[in-house]
Amino acid sequence: MINDKPVQKKFFKIKNDIMFKTIFANPKKLYLIERLIKEVIKEDIKIISIKPTELPKSNMKARNKVLDVIAISNGVNYNIEVNSEKSSYLRRRNASFIFKMYSDSIPIRESYSNMSKFIQINLTDSNTIKMPLIAKYELVSLETKERFINNLEIYEIDISKVDKSCYNENGLSVIGLLNMSKDELQEVHGDGIMEEIKDKAMELNNDDDMIRLMSD
């Protein structure tokens, strides 16, 4: 007996590396990555550009460091990383990215007093009880709580804890879309930006070239 039931295609969630970059690293739609960052840091910002995501090597034996999205506002560099795999080394890897950006930011003969601020946002699908919904990290003294430097911050968001609801007490509405299935996304009726992100995710999942690229 022949089964005529159509084969269900895999749906690539927005947290997929290529999906995320295609949607949020579009230099013609800076307001999308701007909205995501604002939801995390709870501050009004204005993104002015997106930089290439492969960091230059300091020597031939150094590992390639390819980031997800680097966004620039006035005086602040944002590095956004999407971590959909569950590996113990992820925090060390992500730290190496932001420290590399930090150390390379000062040209020769430039004062360290003029350094920009660096903020890394890790969107992590941890699915663990230990990790809070959102955590902020800085280099501080364990004894006095004094900040060692005042221009480096790391945020980590557990996207597995916001995938069932776009709206919650923290207002992480756009971030809530990242880990949603096709059926969950179709039930979303948010504001204009949320609808645009949802529609783009659906469009990319119907693009044969994109599906082939993400499958590879």
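By convention here, the first residue in the shown sequence is residue 1.
Annotation: side chain of I33 is not in contact with side chain of Y78 (no heavy-atom distance under 4.5 Å). For the pair L123/K15, no side-chain contact is recorded, criterion being any heavy-atom separation below 4.5 Å from C-beta on. For the pair I14 and I197, the minimum side-chain heavy-atom distance is below 4.5 Å. When side chains are defined from C-beta on, E156 counts as touching R91, because their heavy atoms get closer than 4.5 Å. Side-chain contact check for M202 versus K182: some heavy-atom pair is nearer than 4.5 Å. For the pair V188/L177, a side-chain contact is recorded, criterion being any heavy-atom separation below 4.5 Å from C-beta on. Contact of the E195 side chain with the H189 side chain is registered, since non-hydrogen atoms from C-beta on lie closer than 4.5 Å. Residues D158 and T124 form no side-chain contact, since every pair of their non-hydrogen atoms from C-beta on lies 4.5 Å or further apart.
By the side chain to side chain contact (heavy atoms under 4.5 Å, CB included) test, Y112 pairs with I106, M115, sequence neighbours left out. Residues satisfying the side-chain hydrogen bond (donor to acceptor under 3.5 Å, both in side chains) test with S49, not counting sequence neighbours, are none. For Y102, the ring pair (Phe, Tyr, Trp, His ring centres under 6.0 Å) partners are F118, not counting sequence neighbours. For F20, the ring pair (Phe, Tyr, Trp, His ring centres under 6.0 Å) test picks out F24, with sequence neighbours left out. Residues that satisfy the side-chain hydrogen bond (donor to acceptor under 3.5 Å, both in side chains) test with N74, not counting sequence neighbours, are absent from this structure. Considering only residues two or more places apart in sequence or on other chains, E196 meets the side-chain hydrogen bond (donor to acceptor under 3.5 Å, both in side chains) condition with K29, Y31. Residues meeting the side chain to side chain contact (heavy atoms under 4.5 Å, CB included) test with N206, sequence neighbours left out: K9. In this view, D209 and D207, R212 satisfy the side chain to side chain contact (heavy atoms under 4.5 Å, CB included) rule, not counting sequence neighbours. For R147, the side chain to side chain contact (heavy atoms under 4.5 Å, CB included) partners two or more places apart in sequence, or in a different chain, are E138, V140, N150, E153. Listed by chain and residue number, nothing satisfies the side-chain hydrogen bond (donor to acceptor under 3.5 Å, both in side chains) test with K38 (two or more places apart in sequence, or in another chain).
Screening V69, N122, I98, N94 for a side chain to side chain contact (heavy atoms under 4.5 Å, CB included) involving N79 leaves a single residue, I98. Here the options are L36, I121, D125, the test is side chain to side chain contact (heavy atoms under 4.5 Å, CB included), and the partner is I157; only I121 passes.
Note that CG of N16 is 9.5 Å distant from CG of L204, once rounded to the nearest 0.5 Å.
Side chain of N205 to main chain of F12: a donor-acceptor pair is present (N/O by atom type, distance under 3.5 Å, no hydrogens or angles). At least one donor-acceptor pair under 3.5 Å links the side chain of K13 to the backbone N or O of N179.
Judged purely by distance below 3.5 Å, without hydrogens or angles, the side chains of S173 and R35 pair a donor atom with an acceptor atom.
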